[in-house]
Amino acid sequence: MSHKRRNLARNIVLALSIALTDTRSHELDVVLKSATGKAKKILVRQLSAMEDLAANSALVHASVQGDEKAWNELAQRYAWLIAAVIRHYRLTGADAQDVSQLVWLHLVEHLPQLREPAALPGWLVTTTKRECQRYVQKSRRTVSIDPNAARVQRLGVPARAAARVAGLATRVLPVAHRARYRDEYQSELYEISSAGASWWQQMMYAIRLLDRSWELRFELRQQKTRRVRS
Amino acid sequence: MAPRMTIPTQLVLRALLERPTREMYGLEICQAAGLASGTIHPILARLERLGWLESRWEEIDPAKEGRPKRRYYQLSPDGAEQARHALANARTSVSRLPGLRPGLAANGGAT
């Protein structure tokens with residue numbers, strides 16, 4: 001796993017901890033207390049950067065203030081923009097949905113770096129264009145399978161973005177535990193999506209996993225030291 | 001040694017103790033405890049580390065069943081005993097906070 005990805009995961013965890021709880025989450029404080037040396041420095045720096053960001057940027061603050069509603073508002077405000085770009089590439093139905101999901105995922109990832117709220121529409125357009133181009137290229141390469149079979153399967157198939165974020169949540173865990181939790185999360189995600197959870201509900205599930213991943217890492221590391229000692 | 005009896009920890013233990021002999025997977029425990037999905041893995045890991053909880057993969061063939069294997073959790077006999085004791089001694093007992101569970105359940109994600 002690359003350093004860049006680890007940073008990304010950390011960024012998202014921090015951003016979302018603040019975003020989802022509106023104040024510093026308890027877990028975050030636990031992590032802060034347990035961190036030492038360089039890790040602590042990085043955490044503190046990122047945390048204060050996040051806090052500055054939350055204070056300075058009215059839009060980001062409003063959109064991440066803490067709940068599904070705020071996100072939905074942001075989605076409503078810009079959904080047409082994303083849809084317009086996607087229409088330009090003549091993607092419809094499930095294809096259009098896939099692309100817009102990817103764009104929203106990118107936004108979640110990009111949020112910690114979003115310093116200028118006014119730049120958001122431009123950023124969304126650029127990102128949507130890039131994802132559309134990628135999607136079109138990819139679908140040219142793949143042979144199309146029976147479309148009905150694909151559609152029937154969809155209910156039990158977790159949202160790709162949620163699966164990706166859930167995968168990301170395992171990246172901060174000790175290597176020995178990653179496979180287990182990856183399988184467990186994917187299994188839970190499957191159950192959730194089979195029960196008819198919306199894209200957003202699946203995403204919230206994955207985000208909560210991410211939000212708890214440092215705490216879980218802490219627990220699993222305790223386990224390791226305990227075993228060595230006994 | 002007992003884990004820190006935070007409110008979510010108590011809710012999870014109570015959910016597990018309701019039917020101590022039954023195996024449950026993560027989402028079931030979340031629902032029974034009235035906690036949001038995806039929030040209990042650190043608690044489960046802590047309980048497992050203490051030996052209160054045991055877990056195993058469901059023994060099915062995913063290809064045949066058409067779904068992934070579940071991870072099942074169950075209190076160990078010793079763990080059930082200790083959990084009962086710890087709940088009874090918890091300083092801020094969940095039972096003394098009426099109306100907490102529905103509030104948390106409203107945030108529950110998948111049902």
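Order of the sequence lines fixes the chain letters, A, B, ..., with proteins taken first and strands second; residue numbering starts at 1 for each chain.
B/A45 approaches A/L220 most closely through the heavy-atom pair CB-CD2, 4.3 Å. The minimum heavy-atom distance linking B/R67 with A/Y190 is given by the pair CB-CE2, 3.3 Å.
To the nearest 0.5 Å, atoms CG (A/L216) and OG1 (B/T39) are separated by 12.0 Å. Atom OH of A/Y181 is separated from atom CZ of B/R71 by 7.5 Å, given to the nearest 0.5 angstrom. One finds the CZ atom of B/R70 at 15.0 Å from the CG atom of A/D183 (value rounded to the nearest 0.5 Å). Atom CD1 of B/I43 and atom CD of A/E215 lie 7.0 Å apart (nearest 0.5 Å). Interatomic distance, B/L35 CG to A/R208 CZ, rounded to the nearest 0.5 Å: 10.0 Å. Within the model, atoms CD of A/E188 and NE2 of B/H41 stand 3.5 Å from one another, a figure rounded to the nearest 0.5 Å.
Residue-environment remark: CD (B/E65) exceeds the threshold of 12 foreign heavy atoms within 6.0 Å.
Comment: B/E48 engages A/R180 in a salt bridge, judged by a side-chain N to carboxylate O separation of less than 4.0 angstrom.
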